[in-house]
Every structure is written in structure tokens, then in C-alpha cells.
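One structure below.
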Amino acid sequence: MLSSSANAYDYPLDIAAIRDPSIPTGIPGGTELLHFVDALVARAPKDLTRAQTAIINTFDQESLVDAAAVFGNFEMMNRVAEGSGIPISPQAMERMRDTIDELGLISLLKS
Amino acid sequence: MFEFTGSPVPVREDLKNAYGDIWAHLSEPGPTLTGSQRVSLAAFVRAARSGDTPAWPDLPTSVLNLAALLFTDPGEVDRSSVRAAADDAGDPMTVEVISLVSMLAAVDGGHRGLTAELEPLPTPTEGAPTGVIAEGLKQRRTHIPMPAGAIPLALDLLPEVGRVFQDSFGPQYMTGHEMGFDDFGRAPGLNRAQIELVSSRTSLHNKCFY
């Protein structure tokens with residue numbers, strides 16, 4: 001999970017940045033990574049090229065491959081989740097309550 | 001295969017191998033579909049996304065509707081769209097279609113992230129469907145039958161499919177073992193907090209709670 005991994009690295013994560021990338025994430029290179037995902041989803045070639053360059057300059061070439069692979073993985077996982085309709089357990093809902101409220105995720109839950 | 005033509009950076013071998021395994025799986029007969037049907041389905045959903053006129057595979061319309069919606073707009077998939085396909089074609093074929101579309105989205109997503117040309121679809125392998133389907137699984141407040149547990153088990157109605165799905169996690173994200181460490185990181189590469197930032201934003205765009 002994002003919050004526990006940020007804690008493990010002592011990063012001052014602001015979870016609201018997931019919803020609004022203009023908010024500093026508190027994670028090194030976080031803004032560059034969010035812009036990368038946004039450019040990919042928007043299918044904006046110039047923005048994507050800029051975002052790729054920013055990741056290479058901020059991190060390294062390997063990190064761009066990691067970011068693309070993680071994006072692909074969650075393109076897959078999100079589809080398996082929606083296709084299978086796997087429910088979120090009450091325990092997980094309670095554990096993630098702050099994040100759910102901050103990001104307005106309750107609207108994504110389906111009956 | 002998997003040259004990632006157009007990528008601004010070299011791609012690590014384990015990711016190429018993982019995508020290669022998915023491609024080999026796609027080309028082969030699955031539990032309910034032939035290799036030809038599987039590759040045709042992949043071509044169909046790619047065309048649906050690109051706006052091209054797709055060739056319609058010989059599968060029920062409800063199955064094709066689910067496949068196209070899941071590939072192009074996963075957040076709009078709900079119980080009714082999945083059960084419509086399952087009622088027409090059965091749970092095993094529906095799970096097979098969900099798996100194919102999802103794994104294709106992974107490979108295409110990775111290529112798009114590297115501005116690489118999409119990998120041409122593989123040549124289908126001849127042969128009849130394997131018929132390998134787990135017995136005794138039920139819907140557990142889910143759209144499809146699956147074991148109790150989390151997303152990695154979601155495709156286990158089809159054991160050979162579930163294995164390919166689970167084996168792809170490590171090179172793309174983290175292995176099951178690595179997921180146990182909040183301070184996991186690749187060196188060189190991203191650490192877990194940075195990885196989770198990418199996954200969280202991607203899921204939000206896909207309107208997916210997961």
C-alpha cells in the first residue's frame with residue numbers, strides 16, 4: 001500500500017496528491033510519476049515524451065521502464081478486479097477509511 | 001519478438017520474458033477457446049480501442065461486448081455485463097475472456113508507456129481447447145466463481161490461466177514475496193512508494209477501487 005510504503009521510507013506523503021497532482025506528493029520524483037501516468041491516459045504524445053524525459057532526468061532509464069511496467073500491470077489488475085467483481089472486505093474498508101474519504105473512492109464501489 | 005521499437009530506453013530482459021510468456025499463452029488453445037479465437041479476440045478489442053472496424057470473432061455478442069468494454073473502459077464494467085456474457089457462454093469462457101483482455105492491456109500498456117510500437121499479435125497455435133477447468137468454485141459475492149482470497153486468485157477457475165497471470169506480477173510490479181516488504185525497491189529503479197504512486201494514479205484513472 002502507498003501509505004505504508006511511504007512510511008517505510010519516511011516520506012511525508014500527502015495522499016490528496018493522488019487526486020490532484022498539483023499538490024506535492026511528498027515522495028521524491030512523485031510529481032514526475034503522476035504526470036507520466038496522466039500523459040499516458042490522455043494519450044498526449046508530446047506530454048508523454050516530456051514526462052518520460054523528466055523521469056529519466058529525475059531518476060534513471062531503468063525507472064522509466066519500471067513506471068511503464070507498473071502502469072501496464074495495473075491496466076491488467078484493474079480489469080481483472082472489475083471483471084471478477086471481487087468485493088472490498090469490511091476490514092479493508094475500515095483500514096483504508098482515511099484514504100477512501102480523502103480520494104472520494106466510495107463512489108467507485110459498485111453493488 | 002518484443003524489440004520495443006521506439007522506446008527511448010532499453011528494456012530489461014525479465015519484462016521482455018514476462019510479456020513473451022503472455023504472448024505464447026495468448027497464441028495457444030485455452031480452456032474453452034482455440035488459439036485462433038483467442039488471437040481474434042485480441043485483435044477485436046485492439047480495433048475497438050483504436051476506432052478501426054474490427055473483424056468480429058465467432059463468439060456470442062454479449063462476450064464481445066464485455067471484452068470491448070473491459071478493454072476500452074474497465075470502470076464501466078459491472079455485474080450485469082459480466083453475467084450477460086456468463087449466462088450466454090458459461091463462466092469458464094467468460095473468465096478466459098476477462099483474462100485475455102486484461103493481460104493484453106498489460107502488454108499494450110507497458111509498450112505505450114515506452115512509446116514503443118505495439119507488439120504484433122502472435123500466430124495462433126492449432127489445437128482444441130484444453131478443457132482444464134477447476135471444479136467446486138462458487139461466486140463469493142463476485143461476478144465469477146473463484147477461491148476465497150484476493151485479486152491474484154481471481155482467475156483460478158482456469159488454473160493454467162491463473163498461473164500465467166500470477167507469474168507476470170514480478171517483472172511488472174513485485175513478486176508475491178516482494179509484496180511483503182514495504183521498503184522493497186529496485187536499484188537502479190523505483191522504490192515501493194514510487195511504484196505505488198504509479199499504481200494508485202492508474203487505478204484512479206480507471207475508476208477502479210482496487
Side-chain angles (χ1 to χ4, degrees), chain A residues 1-2 4-9 11 13 17-19 21 25 27-30 33-34 36-38 40-41 43 45 48-49 52-53 56 59-88 100 103 105 108-111, chain B residues 8-12 15 70-71 74-75 77-79 82 98-99 101-103 105-110 112-115 141-144 146 150-151 154-155 165 168-169 171-173 182-183 186 188-210:
Chain A
M1 282 193 31
L2 176 57
S4 48
S5 55
N7 279 340
Y9 281 94
Y11 294 151
L13 170 68
I18 301 299
R19 177 176 40 80
T25 63
I27 294 177
L33 293 169
L34 294 181
F36 171 73
V37 175
D38 291 354
L40 254 171
V41 172
R43 296 175 180 268
L48 181 55
T49 300
Q52 289 175 328
T53 302
I56 294 169
F59 300 100
D60 44 40
Q61 292 188 339
E62 291 83 356
S63 294
L64 176 58
V65 175
D66 287 355
V70 172
F71 174 80
N73 188 68
F74 277 77
E75 286 278 276
M76 173 176 71
M77 300 303 275
N78 291 164
R79 283 165 174 79
V80 171
E82 299 295 355
S84 64
I86 191 164
I88 308 296
I100 291 168
L103 300 182
L105 298 181
L108 300 183
L109 291 176
K110 298 166 188 169
S111 58
Chain B
V9 296
V11 177
R12 49 185 159 80
L15 186 62
L70 189 62
F71 196 66
V77 170
D78 59 14
R79 181 173 182 82
V82 176
I98 290 168
S99 74
V101 168
S102 301
M103 287 193 266
V107 176
D108 284 3
R112 287 173 47 220
L114 295 169
T115 46
R141 295 169 52 225
T142 52
H143 304 337
I144 55 173
M146 61 174 283
I151 294 276
L155 305 177
F165 172 57
S168 76
F169 298 165
Q172 296 189 90
Y173 175 60
D182 286 332
D183 60 353
R186 289 196 166 87
L190 300 180
N191 67 37
R192 182 157 187 181
Q194 292 155 341
I195 287 171
E196 301 293 10
L197 206 54
V198 173
S199 67
S200 298
R201 186 71 178 162
T202 303
S203 296
L204 195 65
H205 274 299
N206 282 335
K207 295 181 280 186
C208 181
F209 189 95
Y210 184 79

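On a predicted model such as this, the values are computed, not experimentally measured, just so you know. Labels below follow one simple rule: chain letters A, B, ... track the order of the sequence lines, proteins then strands, and each chain is numbered from 1.
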* Contact class of B/M103 relative to chain A, heavy atoms under 4.5 angstrom -> both
* Asked: Can you tell which of B/S168, B/G110, B/S200, B/G189 has the highest number of heavy-atom pairs within less than 4.5 Å of chain A?
  -> B/G189
* To do: Quick one: which of A/N7, A/L33, A/T25 has the most heavy-atom pairs under 4.5 Å with chain B, could you say?
  => A/L33
* To do: Look at the aromatic rings of A/Y9 and A/Y11 and report parallel, tilted or perpendicular, splitting at 30° and 60°.
  => parallel
* Flag the pair B/L204 / A/V37 as yes when at least one side-chain heavy-atom distance between them is below 4.5 Å, and no otherwise. => no
* **Closest contact, heavy atoms only, B/S203 versus A/F74** => OG-CD2, 3.7 Å
* Structure fact -> So, the part of B/L15 with a heavy atom under 4.5 Å from chain A: the answer is side chain
* To do: Could you have a look at A/D38, A/T49, A/L48 and say which one has the most heavy-atom pairs with chain B under 4.5 angstrom?
  => A/D38
* Structure fact -> Closest non-hydrogen contact found for A/G72 with B/Q172 is C-OE1, 3.9 Å
* When A/A6, A/A81, A/A8, A/S4 are compared by non-hydrogen pairs under 4.5 Å with chain B, the top option -> A/S4
* Asked: Using non-hydrogen atoms only, which part of A/F59 is less than 4.5 Å away from chain B: side chain, backbone, both, or neither?
  -> side chain
* To do: Dump the intermediate steps for side-chain contact (heavy atoms from CB on, under 4.5 Å) on B/V9 and A/V65, then the final yes or no.
  => CA-CA 8 Å; B/V9 296; A/V65 175; 3.7 Å; yes
* Structure fact -> Heaviest contributor of heavy-atom pairs below 4.5 Å to chain A, chosen from B/I144, B/L190, B/T142, B/L70, is B/L190
* Asked: Looking only at heavy atoms, which two atoms of B/M146 and B/A154 are closest? And how far apart?
  -> CE-CA, 3.7 Å
* Asked: What heavy-atom pair brings A/A17 and A/L34 nearest, and what distance separates the two atoms?
  -> O-CD1, 3.4 Å
* Asked: So which heavy atom on A/S5 is nearest to which on B/R192, and how close?
  -> CB-CG, 3.6 Å
* Under 4.5 Å from a heavy atom of chain A, the part of B/P10 involved -> both
* Asked: With respect to chain A, which residue among B/D108, B/V82, B/T115 yields the maximal number of heavy-atom pairs within a distance under 4.5 Å?
  -> B/T115
* Asked: Checking A/P28 against chain B: side chain, backbone, both or neither under 4.5 Å from a heavy atom?
  -> both
* With distance as the sole criterion, is a donor-acceptor pair present between the side chains of A/S63 and A/D60 under 3.5 Å? -> yes
* To do: Would you name the heavy atoms of A/E82 and B/H143 that are closest together and state the gap between them?
  => O-CD2, 3.4 Å
* To do: Check whether B/V198 gets within reach of chain A through its side chain, its backbone, both or neither, counting any heavy atom under 4.5 Å.
  => both
* Asked: Given a strict heavy-atom distance threshold of 4.5 Å, which part of A/Q52 is in contact with chain B: side chain, backbone, both, or neither?
  -> side chain
* Mind checking whether A/M77 and B/S199 have side chains closer than 4.5 Å, heavy atoms only? -> no
* Asked: Non-hydrogen atoms of chain A under 4.5 Å away: do they reach the side chain of B/N191, the backbone, both or neither?
  -> both
* Asked: By a 4.5 Å heavy-atom criterion (distance strictly below it), what part of B/R186 contacts chain A: side chain, backbone, both, or neither?
  -> side chain
* Asked: Do you know which of A/V80, A/I56, A/L64 has the most heavy-atom pairs under 4.5 Å to chain B?
  -> A/V80
* Asked: Between B/I98, B/V107, B/L197, which shows the greatest number of heavy-atom pairs under 4.5 Å with chain A?
  -> B/L197
* To do: For each of B/R12, B/R141, B/R112, B/E196, tally heavy-atom pairs with chain A at distances under 4.5 Å, and name the one with the top tally.
  => B/R112
